[in-house]
**Q** 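Have a look at this one before I ask anything.
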Amino acid sequence: MRDHDHHRHHATARSSLVLGLAAGAAVLAGPALAHHSFAMFDTTRTLDITGTVQDFQWSNPHAVIWVVADPRPGAGSDTWTIELTSPGNLTRVGWNRHILKEGDKVTAEINPLRDGQHGGALRKVTITATGQVLTSSLTPPPAKPGI
């Protein structure tokens, strides 16, 4: 291989390696960046969802509660998907994997999804049987306006 061909080959290989690493990093970072965005939640609004825990998933990157809302007059019941922070953060504020069980009656205060689907980000949940209030952050949610 001639000297200038040799240098061109190494430059091309180096460029391919850099582009490959950059593409790999973008593929890995994309879901993480998209996943950790809370832009999908309307933080200017809160809703109270009263119902029964259908499931409680304690897993990374965040825990999830599914609540079957009590039926509204003239309508059926809806299942709400409520997103929390990570189990590590929840542990620091008093949660554990067994704190909510299927069948527990709860009232969850959420920031709803912007698109109107039945879901949201948890602000706090009250377990009806015990009155225990659990938040999903180290600071309690601010009081609702007018309260």
Side-chain angles (χ1 to χ4, degrees), residues 8-147:
R8 186 174 35 225
H9 173 74
H10 281 296
T12 302
R14 202 171 320 126
S15 294
S16 295
L17 176 63
V18 169
L19 286 172
L21 290 173
V27 165
L28 293 174
L33 292 174
H35 179 83
H36 288 97
S37 171
F38 283 88
M40 68 182 106
F41 304 113
D42 184 349
T43 58
T44 66
R45 296 180 45 228
T46 59
L47 288 177
D48 287 339
I49 307 300
T50 299
T52 305
V53 173
Q54 181 180 52
D55 196 11
F56 176 47
Q57 180 181 328
W58 182 266
S59 62
N60 281 312
H62 53 80
V64 180
I65 307 167
W66 286 270
V67 175
V68 178
D70 292 344
R72 292 166 294 163
S77 59
D78 299 312
T79 301
W80 288 74
T81 303
I82 302 171
E83 190 171 314
L84 292 78
T85 188
S86 71
N89 287 335
L90 292 170
T91 299
R92 287 189 274 287
V93 292
W95 290 70
N96 65 61
R97 70 176 55 252
H98 305 291
I99 204 153
L100 291 176
K101 294 170 271 331
E102 182 180 344
D104 282 349
K105 302 289 186 191
V106 296
T107 297
E109 181 181 305
I110 66 169
N111 292 119
L113 286 168
R114 290 184 186 277
D115 66 7
Q117 292 187 40
H118 293 142
L122 184 76
R123 294 171 49 85
K124 68 178 180 178
V125 64
T126 303
I127 302 171
T128 305
T130 63
Q132 183 177 10
V133 177
L134 300 160
T135 64
S136 63
S137 67
L138 295 172
T139 55
K144 289 184 182 179
I147 295 180

**Q** Could you grab the distance from atom CD of Q54 to atom CD1 of I65, nearest 0.5 Å is fine?
**A**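 It comes to 12.5 Å.
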**Q** Any idea which heavy atoms bring V106 and I127 closest together, and the distance?
**A**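 Scanning both residues completely, I find the closest heavy atoms to be CG1-CA, 4.3 Å.
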**Q** If you take all heavy atoms of W80 and G119, which pair is closest and at what distance?
**A** CE3-N, 3.2 Å
**Q** Taking all atoms of both residues into account, what is the closest heavy-atom pair of A39 and R114, and its distance?
**A**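 That closest heavy-atom pairing would be O-NE, 2.7 Å.
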**Q** Could you tell me the separation between the OG1 atom of T52 and the NZ atom of K105, rounded to the nearest 0.5 Å?
**A** 3.0 Å
**Q** Apply side chain to side chain donor-acceptor pair (under 3.5 Å) to T107 and list each qualifying residue two or more places apart in sequence or on a separate chain.
**A**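 So T107 forms a side chain to side chain donor-acceptor pair (under 3.5 Å) with T50.
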**Q** Restricting to side chain to side chain donor-acceptor pair (under 3.5 Å), what partner residues turn up for D70, sequence neighbours left out?
**A**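 Once residues adjacent in sequence are excluded, D70 has no partner under the side chain to side chain donor-acceptor pair (under 3.5 Å) criterion.
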**Q** Atom CG of N111 and atom CZ of R45: how far apart are they, to the nearest 0.5 Å?
**A**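 Separation between the atoms: 9.5 Å.
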**Q** Quick one: pull up CZ in F56 and CD1 in I82 and give me the separation to the nearest 0.5 Å.
**A**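 If I round to the nearest 0.5 Å, the distance is 11.0 Å.
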**Q** For T85 and S136, which heavy atoms make the closest approach, and how far apart are they?
**A** CG2-O, 3.2 Å
**Q** Step by step, would you call L100 with W95 a side-chain contact (heavy atoms from CB on, under 4.5 Å)?
**A** CA-CA 9 Å; L100 291 176; W95 290 70; 3.9 Å; yes
**Q** Taking only residues two or more places apart in sequence or in another chain, which ones pass side-chain contact (heavy atoms from CB on, under 4.5 Å) with S59?
**A** Q57
**Q** Using the side-chain contact (heavy atoms from CB on, under 4.5 Å) criterion, which residues pair with Q117? Sequence neighbours excluded.
**A** L113, D115
**Q** For the atom pair CG (N96) and OG1 (T91), what is the distance rounded to the nearest 0.5 Å?
**A**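 Output value for this atom pair is 7.5 Å.
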**Q** Could you check I110, T46, T43 and say which one makes a side chain to side chain contact (heavy atoms under 4.5 Å, CB included) with R123?
**A**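 The single option meeting the side chain to side chain contact (heavy atoms under 4.5 Å, CB included) with R123 is T46.
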**Q** With sequence neighbours excluded, tell me which residues meet side-chain contact (heavy atoms from CB on, under 4.5 Å) with D55.
**A**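 Here the qualifying residues are W66.
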**Q** Main chain of V68, side chain of D78: is a donor-acceptor contact present, judged purely on distance under 3.5 Å?
**A** no
**Q** Please report the shortest heavy-atom distance between A69 and I49, naming the atom on each side.
**A**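 It is CB-CG2, 4.1 Å.
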**Q** What are the two closest heavy atoms between V133 and K124, and how far apart are they?
**A**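 Shortest heavy-atom separation between V133 and K124 comes out as CG1-CD, 4.1 Å.
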**Q** Can you check whether D48 reaches E109 side chain to side chain, under 4.5 Å on heavy atoms?
**A** yes
**Q** Could you grab the distance from atom CG of L90 to atom CG of L84, nearest 0.5 Å is fine?
**A**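 That separation rounds to 5.5 Å.
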**Q** Can you name the side-chain contact (heavy atoms from CB on, under 4.5 Å) partners of S86, sequence neighbours left out?
**A** N60, N89
